[in-house]
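Side chains are part of it too, since the values below use all heavy atoms of this structure and drop only hydrogens, waters and symmetry mates.
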Amino acid sequence: MLSKMKQLNDTLPLLELGIVLYASVIQLVGVWFVEDKLGYSIGLWYGAVTAMWMAYNLAKVIYDSVTVDGRRKTLIIKSVLRYLVVVVLFFALGYFEFGNLYTAVAGLFGLKVAAYLVPVLAKLVYKFTGKEASFLKNDENSNKQEVKEVTM
């Protein structure tokens with residue numbers, strides 16, 4: 001699964017890690033201050049898993065648009081479907097009340113927080129493993145951009 005995620009986007013595994021770390025911190029800090037601990041936890045991880053799916057889906061749509069299809073109509077449909085799925089999932093959570101809707105939104109917000117954490121996580125991974133992320137490498141070839149024709 002990790003290699004498939006890296007094939008889509010080099011930063012995707014770090015983005016997913018960032019979402020899990022964010023949700024873990026919110027879980028450890030916030031669970032002590034609420035009465036409904038189970039609802040808090042279910043809502044938070046419901047939102048975090050949704051954020052992880054959104055990140056994967058977004059990376060897949062971008063990858064497909066550059067390599068496979070690239071048709072504007074297809075990209076729009078896939079993007080709208082992504083948000084429609086999120087609305088349906090959150091509506092189901094609120095309607096059936098099996099988790100806290102506010103913490104689900106906080107978990108979904110982990111996608112935004114993780115996007116800012118990716119460079120920090122990449123440096124930490126390099127520090128502990130010695131493997132530098134390819135998007136951080138600074139060599140003479142990294143300034144050359146490959147131009148690919150995309151038709152709409």
- [ ] Determine the minimum heavy-atom distance between A48 and A23, stating which atoms define it.
- [x] CB-CB, 3.8 Å
Open item on the list: For F90, is the CZ atom crowded, meaning more than 12 foreign heavy atoms sit under 6.0 Å from it?
Closed with: yes
Open item on the list: Does K112 have more than 12 heavy atoms from other residues, nucleotides or ligands lying within 6.0 Å of its NZ?
Closed with: no
Open item on the list: Looking only at the aromatic ring of each residue, does the gap between the centers of Y102 and Y40 stay below 6.0 angstrom?
Closed with: no
Open item on the list: Tell me whether L84 shares a hydrophobic cluster with M52, the cluster being built from Ile, Leu, Val, Met, Phe, Trp, Tyr side chains joined at under 4.5 Å.
Closed with: no
Open item on the list: Can you tell me which residue among V49, V85, V86 is in a side-chain contact (heavy atoms from CB on, under 4.5 Å) with M54?
Closed with: V86
Task: Interatomic distance, L44 atom CG to L108 atom CG [nearest 0.5 angstrom] - done: 11.0 Å
Open item on the list: For a 4.5 angstrom cut-off between non-hydrogen side-chain atoms, does Y63 reach N9?
Closed with: no
Open item on the list: According to a hydrophobic-cluster definition based on side-chain heavy atoms being under 4.5 Å apart (Ile, Leu, Val, Met, Phe, Trp, Tyr only), do Y46 and L38 belong together?
Closed with: yes
Task: Interatomic spacing from OG1 in T11 to CG in L17 - rounded to 0.5 Å - done: 12.0 Å
Open item on the list: Assigning hydrophobic clusters by single linkage (Ile, Leu, Val, Met, Phe, Trp, Tyr; side-chain heavy-atom cutoff under 4.5 Å), is V105 placed with V34?
Closed with: yes
Open item on the list: Please find the pair of heavy atoms, one from L111 and one from A55, that lie closest to each other, and give the distance.
Closed with: CD1-CB, 3.6 Å
Task: Considering all heavy atoms, the nearest A115-L15 contact - done: N-CD1, 3.5 Å
TODO: Might you point out which heavy atoms bring G110 and I19 nearest each other, and give the distance in Å?
DONE: O-CG1, 3.7 Å
Task: Euclidean distance, L121 CG relative to Y116 OH, rounded to 0.5 Å - done: 15.0 Å
Task: Any side-chain heavy-atom pair of V125 and L14 under 4.5 Å - done: yes
Task: Heavy-atom check, side chain of V61 versus side chain of L75, under 4.5 Å - done: yes
TODO: Could you tell me which residues satisfy side-chain hydrogen bond (donor to acceptor under 3.5 Å, both in side chains) with Q27, sequence neighbours excluded, listed by chain and number?
DONE: S41, W45
Task: I42/T103 under side-chain contact (heavy atoms from CB on, under 4.5 Å): CA gap, chis, key distance, verdict - done: CA-CA 8 Å; I42 289 172; T103 56; over 6 Å; no
TODO: Report whether L93 and V87 are members of the same hydrophobic cluster (ILVMFWY, side-chain heavy atoms less than 4.5 Å apart, transitive linking).
DONE: no
Task: Nearest heavy atoms of D36 and G39, plus distance in Å - done: OD1-N, 3.1 Å
Open item on the list: Hydrophobic cluster membership, with links at side-chain heavy-atom distances under 4.5 Å among I/L/V/M/F/W/Y: are V88 and L81 in one?
Closed with: no
